[in-house]
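Data block below; observations after.
Just so we're clear, the structure is a prediction, and the values are computed from it rather than from any experiment.
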Amino acid sequence: MLESSLSWSRKQARPISGLLNGGESFFRDVLTSMETVYLNRNPTAKSILELVHSVDDEQICYDHLAFRTFGVNGFGINSMASFFLDYGYTQREELRFPAKKLKALWFSPPSSSSQDGGSGGNGPLPRVFISELLVDQMSPKTQEIIRKYTEKSGSGNKYAALASALGSLTWEKPLYSEFQQLAGESEYAAWTLVNGYALNHVTISTHRLKSNLRNIKGLNQFIEKNRFKLNSEGGVLKVSPDGLLLQSSTVADSIPFCFSDGVNESFPCSYIEFAERLVLPQYKNLPENEIKECHRRDGFEVGNADKIFESTSKEQLTRRA
């Protein structure tokens with residue numbers, strides 16, 4: 001059995017200054033509950049974590065967590081971000097995806113949590129990446145469906161983190177015909193309608209591993225050799241223009257779902273991502289044992305993220321390995 005792989009595990013974690021009113025235990029418990037829901041629903045992610053553990057027995061650290069939201073009626077980025085901001089996170093850059101009608105913000109963890117090299121129970125808290133669908137740019141019919149469910153949710157947007165930790169929707173289950181309407185226009189919208197605030201993906205920080213898997217190209221080969229399918233959109237390896245942020249991801253698992261009209265169909269759930277952040281040019285002469293996360297490329301890249309979003313697309317799910 002895979003024990004909690006997150007570096008934020010309360011049992012051994014070093015206290016992180018900057019968390020609101022010293023509530024670190026509660027904060028870490030919520031994150032662990034989010035992860036438990038994620039692993040229970042996504043066998044590929046669980047299997048890959050076990051596979052990496054079998055080679056690299058250090059505790060795995062996560063680069064970032066990602067969530068999807070509806071940008072309407074208060075259910076957008078801020079509904080989930082408020083939880084992380086309350087516990088010491090800082091809002092960073094905005095990213096825009098015009099073709100997908102999305103925007104995103106990422107958030108950095110309390111500064112003291114990023115000073116550790118990143119292994120075992122003392123590893124840093126992850127970054128957080130939250131995106132939202134720009135609902136006002138969708139067709140009237142799709143807007144009507146999304147507004148219907150978010151309005152019926154009432155104050156559910158105030159409990160985004162709780163919904164994620166419980167694995168619950170804050171609105172009622174939709175009709176299958178409504179899911180199909182959204183899927184025909186925006187696969188992101190359809191995913192969010194049935195998954196809500198669930199973790200969309202977690203990301204292994206490959207450069208913090210201690211084995212030969214710390215090189216993302218080697219990790220990709222290792223994963224494919226073990227018969228897991230990687231997202232091929234734009235190539236398996238997504239590389240930022242500066243060449244310093246390397247990312248890849250699996251294709252999402254599909255799980256059964258019973259819609260409110262009794263239709264049983266499978267739908268895409270979540271996936272697992274991998275990120276290698278290379279050392280910034282100004283620090284390239286530092287001895288390896290002195291290199292910390294602050295010496296590596298930070299942030300996100302629109303081109304990479306745009307392709308990673310495709311991990312839940314029908315095209316990727318139905319593609320032969």
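Screening Thr203, Val202, Leu125 for a side-chain contact (heavy atoms from CB on, under 4.5 Å) with Tyr62, the sole residue that qualifies is Val202. No option in Leu230, Val236, Asn231 other than Asn231 meets the side-chain contact (heavy atoms from CB on, under 4.5 Å) test with Glu233.
Of all non-hydrogen atoms in Gln247 and Asn304, the two that sit nearest each other are OE1-ND2, 2.8 Å. Closest of all the heavy-atom pairs between Glu132 and Gly76 is OE1-CA, 3.3 Å. Scanning all heavy atoms of the two residues, the minimum distance from Glu273 to Ser248 falls at CG-O, 3.0 Å. Taking all atoms of both residues into account, the shortest heavy-atom contact from Met34 to Ser164 is CG-OG, 3.5 Å. Between Tyr38 and His201, the shortest heavy-atom contact is CE1-CA, 4.1 Å. Closest of all the heavy-atom pairs between Asn195 and Cys269 is OD1-SG, 3.8 Å.
Here the CG atom belonging to Leu31 is positioned 9.5 Å from the CZ atom belonging to Phe26, to the nearest 0.5 angstrom. With values rounded to the nearest 0.5 angstrom, Leu105 atom CG is found 10.0 Å from Ser131 atom OG. Phe70 contributes atom CZ, which lies 6.5 Å from atom CG of Leu133 (distance to the nearest 0.5 angstrom).
Cation-pi geometry between Lys217 and Phe222 is not satisfied (NZ or CZ under 6.0 Å from the ring centre, within 45° of the ring normal).
Side-chain N or O atoms of Asn200 include none that pairs as donor or acceptor with a backbone N or O of Arg68 at under 3.5 Å. In this structure a side-chain-to-backbone donor-acceptor pair under 3.5 Å is missing from Thr142 to Met138. Side chain of Asp56 to main chain of Lys210: a donor-acceptor pair is present (N/O by atom type, distance under 3.5 Å, no hydrogens or angles). Remark: side-chain polar atoms of Ser270 are paired, donor with acceptor, to backbone N or O of Leu199 under 3.5 angstrom. Looking only at distances, no side-chain donor or acceptor of Lys46 sits under 3.5 Å from a matching main-chain atom of Asn42. Between the side chain of Arg41 and the backbone N or O of Thr36 there is no donor-acceptor pair closer than 3.5 Å. When atom types are taken as modelled, the side chain of Thr170 and the backbone of Ser153 share no donor-acceptor pair closer than 3.5 angstrom.
For residues 249-258, no residue pair satisfies the salt bridge (charged side-chain N to carboxylate O under 4.0 Å, His left out) rule, not counting sequence neighbours. Applying the salt bridge (charged side-chain N to carboxylate O under 4.0 Å, His left out) rule to pairs touching residues 146-155 yields Asp136-Arg147, Lys148-Glu178, sequence neighbours excluded. Pairs engaging residues 276-290 under the salt bridge (charged side-chain N to carboxylate O under 4.0 Å, His left out) rule: Asp63-Arg277, Arg214-Glu288 [sequence neighbours left out].
Ring centroids of Phe309 and Phe97 are separated by less than 6.0 Å, placing the two rings close together. Residues Trp106 and Phe84 place their aromatic rings such that the two centres sit no closer than 6.0 Å. Taking the six-membered ring for Trp and the full ring otherwise, the centers of Tyr89 and Phe107 sit at least 6.0 Å from each other.
Of the N and O atoms on the side chains of Glu293 and His207, at least one donor lies less than 3.5 Å from an acceptor on the other residue. Judged by distance alone, the side chains of Ser79 and Tyr197 do bring a donor and an acceptor atom under 3.5 Å apart. Side-chain contact annotation: Tyr176 with Ser260, donor-acceptor N/O pair under 3.5 Å absent.
Between Lys238 and Glu310 no salt bridge is recorded (no basic side-chain N to carboxylate O distance below 4.0 Å).
A single hydrophobic cluster is not seen to contain both Leu237 and Leu245; linkage of ILVMFWY side chains at heavy-atom distances under 4.5 Å, directly or through other members, places them apart.
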Problem set entry | Val263 and Asp261: CA distance, side-chain angles, deciding distance, side chain to side chain contact (heavy atoms under 4.5 Å, CB included) verdict | CA-CA 6 Å; Val263 175; Asp261 49 1; 3.6 Å; yes

Problem set entry | Pair Ser232-Arg319, side chain to side chain donor-acceptor pair (under 3.5 Å): steps then yes or no | CA-CA 9 Å; Ser232 64; Arg319 176 179 59 82; 3.0 Å; yes

Problem set entry | side chain to side chain contact (heavy atoms under 4.5 Å, CB included) between Thr69 and Ile130, worked out | CA-CA 8 Å; Thr69 67; Ile130 309 174; 4.0 Å; yes

For this session: Take Thr250 and Thr44 through the test side chain to side chain donor-acceptor pair (under 3.5 Å) and record every step on the way to the result.
Result: CA-CA 8 Å; Thr250 64; Thr44 293; over 6 Å; no

Problem set entry | Asp298/Arg127 under salt bridge (charged side-chain N to carboxylate O under 4.0 Å, His left out): CA gap, chis, key distance, verdict | CA-CA 10 Å; Asp298 203 1; Arg127 300 166 184 82; 2.8 Å; yes

Exercise. Taking it one step at a time, do Arg297 and Leu278 satisfy side chain to side chain contact (heavy atoms under 4.5 Å, CB included)?
Worked result: CA-CA 6 Å; Arg297 210 276 201 185; Leu278 301 184; 5.7 Å; no

Problem set entry | Criterion side chain to side chain contact (heavy atoms under 4.5 Å, CB included) on Trp171 and Phe75, from CA distance to verdict | CA-CA 11 Å; Trp171 48 77; Phe75 282 78; 4.0 Å; yes

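Between His64 and Phe129, the angle of the ring planes lies from 30° to 60°, which puts this pair in the tilted group. Between Phe83 and Tyr87, the ring planes are tilted. Angles from 30° to 60° get that label.
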